[in-house]
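Structure first, then comments.
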Amino acid sequence: MSEARTILSVEDLEVILDTPAGQLKAVRGTSFDLKAGEAIGIVGESGSGKSMTALALMRLLPRIARTRAGSITLDDRSLVALSDGEFARSISGRKISMIFQEPMTSLNPVYTIGRQMTETVVRFSGLSRSAARKRAIELLDRVRIPDPAGRMHQYPHQLSGGQRQRVMIAMALMSEPELIVADEPTTALDVTVQAQIMELLAELRREFGMAMMLITHDLAVVAATVDKVAVMYGGEVVESGPCRDILTEPRHPYTRGLLACVPKMDHAPTRLGAIPGIVPALLGNVDYCVFSSRCAQVRPQCRTAKPPVRDDGHRSYKCILSTAEINALPAAQPDEAIRASKIERGGQPLLEARNVHKVYQVKRGLFSRRTALHALDDVSFAIHPGETFALVGESGSGKSTLARILLGLETADKGEARLSGRIVSRVDPRERARLMQPIFQDPYSSLNPRHTIARIIARPLEIHDIGDATSRRKAVASVMERVGLPERVMNNYPSQMSGGQRQRVAIARALIMKPALLVCDEPTSALDVSVQAQILNLMTDLQRDLGLTYLLITHNIAVVHQVATRVAVMNKGQIVEVGEVDQVLRRPRHDYTRLLLSSVPEFDNSPFQVEPLHSGSRERSTVGGRVGPS
Amino acid sequence: MLKYILQRSALALAVAFVVSFATFMLLNYSVDPATAMAGEDATPEVIEQIRQAYGFDRPVMVRYLEWLSGVVRGDFGESYYWNTTVAALVLDRAPVTITLALSALLVTIVIAVPLGAFAALRPNSWIDRFALTFAVSAQAIPNFWLGLMLIILLGVMFPVLPISGDSTWQHFVMPAFVLGASSVPAVMRLTRTGLIEVMESDYIRTAKAKGYRGYALLHRHAMRNAILPVVSVLAVQLGQKFGGSVITETVFAINGLGRLALQSILGSDIPTVQMLIFIFALTFVLMNLLADLLNAALDPRIRIS
């Protein structure tokens with residue numbers, strides 16, 4: 001690409017939220033440029049201000065938020081001066097299109113796909129209905145929606161999540177925008193669908209020569225998609241530069257920490273480098289380094305003055321440490337191998353599924369007949385003490401149903417679940433609780449909001465009438481220390497805790513019964529990557545110290561690689577492949593496993609293996625069947 | 001779809017049957033039909049004579065089945081009080097009540113929907129506060145009191161509208177307003193909350209990103225979604241208007257079904273009361289059916305599965 005013109009230039013953007021606690025600057029002094037056809041990734045964890053930046057650009061901020069900007073220019077035209085009405089008429093949907101995170105709810109449920117696709121160009125660009133229709137069908141075909149002409153008359157609910165996101169993309173392209181803003185476009189989708197959508201976006205961007213702003217928390221998605229990256233933390237861009245440079249040689253301590261938090265698949269798992277603490281709420285004026293409260297390299301002056309912006313014309317970062325000083329630091333990720341040594345698998349399995357079947361009678365809609373859905377089709381496996389057995393699959397694969405049956409929350413139609421050799425449903429509840437405890441995905445809804453942390457953790461003891469008040473209190477204190485919860489939060493309520501802390505509470509509640517086995521259903525998928533690293537490290541430590549056995553249910557292959565010893569791959573209610581983690585992930589035998597693995601965004605620290613964007617598309621097998629949420 | 005309509009119609013019939021049975025039993029055990037027919041000053045002998053002549057001495061189940069077989073043939077019996085058949089009586093009074101109920105519904109829609117919409121678009125503004133205050137007061141004011149106040153204001157102090165009867169359209173203005181006002185709070189609030197929810201939805205954000213703002217956004221993307229729950233409630237409210245007509249028609253001396261119901265109850269005119277309760281119940285059920293069908297027509301998620 002020759003020297004392209006700058007299409008978007010944002011300077012000194014601020015988003016101010018008026019909260020009851022005071023004024024909160026969600027975005028502070030953010031600046032970036034984007035050339036025609038270029039893609040920028042805005043990366044950050046929740047609360048970093050990345051989505052606010054995108055919404056501010058599109059003037060879609062919630063009512064309580066205000067924007068202030070030094071200047072925003074699109075194609076040499078100042079956007080700051082435009083009124084909301086002018087902006088809506090001439091910019092949104094025409095010059096800049098946006099794709100959102102939630103494909104399931106982002107299309108209007110009561111209007112046809114065709115109407116939603118064509119309305120903007122007919123209304124604002126003066127295109128005739130038939131011309132608009134023709135273009136819509138072409139674009140639907142281009143985003144690989146089968147039978148595009150037929151789809152025009154369908155409604156959103158008749159399409160799967162992946163298809164809806166394709167429709168959103170096609171809709172965004174209708175007016176041939178110069179810039180596409182994609183806010184976590186694949187976060188809500190299954191991994192195989194995610195890979196297809198990202199690839200499609202990259203392809204279309206090249207074809208139409210559009211610039212793209214990709215907002216994401218997922219560094220791996222960024223690695224495969226964009227030219228340059230801006231890493232945001234606490235409302236500020238702490239580091240920016242070419243994607244490749246930043247991912248291979250991060251300079252800002254936060255970027256270094258963040259990269260060290262991501263489980264890597266290219267070498268045997270090592271302990272993750274977790275960033276301690278949580279994202280602080282930065283109220284009022286911030287005249288210090290935003291990362292100082294969590295930085296391992298913090299110096300006294302970081303807390304009293306803004307760090308300098310170190311810009312070498314190529315990339316820049318905000319830190320008092322020079323590049324030479326940073327390069328001299330030890331690696332952010334400890335080189336400590338963590339996978340448990342060889343597990344003996346003789347004798348009695350701890351948990352076992354024997355030819356489990358489960359069939360649901362589903363009624364699709366009001367007027368249709370009931371059809372049988374085989375949620376589980378002859379599923380068998382055995383988990384031995386001390387191992388971490390991972391069940392991996394996409395939504396609708398049956399993994400959660402299986403977990404419910406194993407926990408004794410549901411019964412199998414055929415076959416049985418056995419705990420320590422006995423059928424789960426016949427094991428005395430108190431004994432079952434001592435053998436097996438669950439940890440759920442959402443630490444926000446799985447803790448009673450009206451109970452204190454101490455009470456939540458002690459609850460299993462109460463239910464099973466174990467010990468007295470004093471002994472329970474002692475047990476709670478010891479288990480809280482075990483999971484790294486400070487004693488002072490004992491009388492807090494869940495609403496006063498962060499997501500990671502809540503998941504620690506859930507783990508503590510499970511551990512208080514001293515179980516042999518923890519059943520963890522997507523234990524980290526609701527958490528930010530730095531918090532996920534903390535929890536995964538904790539799980540590793542607990543296994544080492546207490547000899548715990550885990551059943552880990554997840555869609556995240558990298559997490560499987562990080563903590564599991566064996567893995568079973570589920571698809572459409574069946575286990576298609578089971579074996580040692582290295583065996584299955586390195587040398588998959590089943591086609592579905594291969595597809596799943598090829599869909600995981602490649603993310604390697606060094607050497608950088610992903611081909612740069614402009615050298616042609618990567619070969620990738622396509623999915624035959626529809627893999628959408630059911 | 002046809003199957004659905006048939007299913008719902010069968011259900012409506014079942015409800016009608018149960019209601020008719022319950023009213024027949026209750027009426028029979030609360031009033032002695034022979035005494036009612038004979039009048040207050042009748043001697044026991046006369047009452048006994050009537051009992052025998054009209055067959056009131058037979059078991060109540062037999063009489064119910066007799067009544068039911070009459071209904072199936074379109075014969076609802078003779079009124080004890082008015083010298084005519086119940087069917088003729090009802091057919092004579094129904095048009096007035098239907099006119100009143102429909103115009104009341106119109107009043108409800110015209111006031112409640114725009115008010116709710118404005119309130120939703122500007123939450124916590126003066127119009128929102130006004131709408132909520134209005135809703136609370138309207139809910140607290142009884143129908144008959146509002147009717148009497150209007151009569152005093154627009155019929156006596158400033159005599160611009162007729163206060164009783166049903167011969168011209170002007171006669172319906174005040175009653176329709178009174179009857180319609182009672183539904184305004186519920187419908188207004190539902191429109192408001194529905195629209196607020198819709199305006200915060202992801203697809204409205206999408207529409208905004210596509211360049212829709214203001215009225216076009218409301219009209220092209222929000223209203224149809226927001227109106228779905230309102231339609232159901234409006235249909236139910238229309239059913240209630242028929243029942244509610246008892247008070248309003250009495251206050252404004254309108255000769256409709258509501259007033260007939262009151263007169264029949266006071267006159268212990270059992271066949272007429274029986275028929276009216278049957279009709280009110282059936283209307284209610286049919287309005288619910290209509291609401292479901294309208295929702296299916298407006299919402300493709302129900303229509304196409």
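Here is how names work: the chains are called A, B, and so on, in the same order as the sequence lines, proteins then strands, and each is numbered from 1. Scope of the values below: all heavy atoms of this structure, side chains included, with no hydrogens, waters or symmetry mates.
Arg63(A) and Glu200(B) are not joined by a salt bridge, as no carboxylate oxygen comes within less than 4.0 angstrom of a charged side-chain nitrogen.
Looking at Arg213(B), the atoms closer than 4.5 Å to chain A (heavy atoms on both sides) all sit in the side chain, from C-beta outward. Heavy-atom distances place no part of Ile204(B) under 4.5 Å from chain A, backbone and side chain included. The part of Met171(A) that comes within reach of chain B is its side chain, from C-beta onward, which places non-hydrogen atoms under 4.5 angstrom from that chain.
Chain A forms the most heavy-atom pairs under 4.5 Å with one residue out of Val198(B), Asn225(B), Leu228(B), and that residue is Asn225(B). Note: Ala88(A) leads Ala172(A), Ser175(A), Ala88(A) in heavy-atom pairs under 4.5 Å with chain B. For the options Arg94(A), Glu102(A), Met58(A), heavy-atom pairs under 4.5 Å to chain B are most numerous at Glu102(A).
Rounding to the nearest 0.5 Å gives a distance of 7.0 Å between NZ of Lys208(B) and CG of Leu60(A). Between the CZ atom of Arg220(B) and the CD atom of Gln116(A) there is a distance of 10.5 Å, given to the nearest 0.5 Å. Distance check, rounded to the nearest 0.5 Å: CE of Met98(A) to CZ of Arg205(B) gives 6.5 Å.
Formation of a donor-acceptor pair under 3.5 Å by the Asn108(A) side chain with backbone atoms of His221(B) is found in this model. Under the 3.5 Å distance criterion, the side-chain polar atoms of Thr206(B) are matched with a main-chain donor or acceptor of Ser106(A).
When all heavy atoms are compared, the tightest approach of Tyr111(A) to Arg224(B) is OH-CB, 3.4 Å. Across every non-hydrogen atom of Pro109(A) and Pro300(B), the tightest pair is O-CG, 3.2 Å.
Using a 4.5 Å cut-off between non-hydrogen atoms, the part of residues 124-138 of chain A that approaches chain B consists of Phe124(A).
In Tyr203(B), the OH atom is crowded: over 12 heavy atoms of neighbouring residues, nucleotides or ligands sit closer than 6.0 Å.
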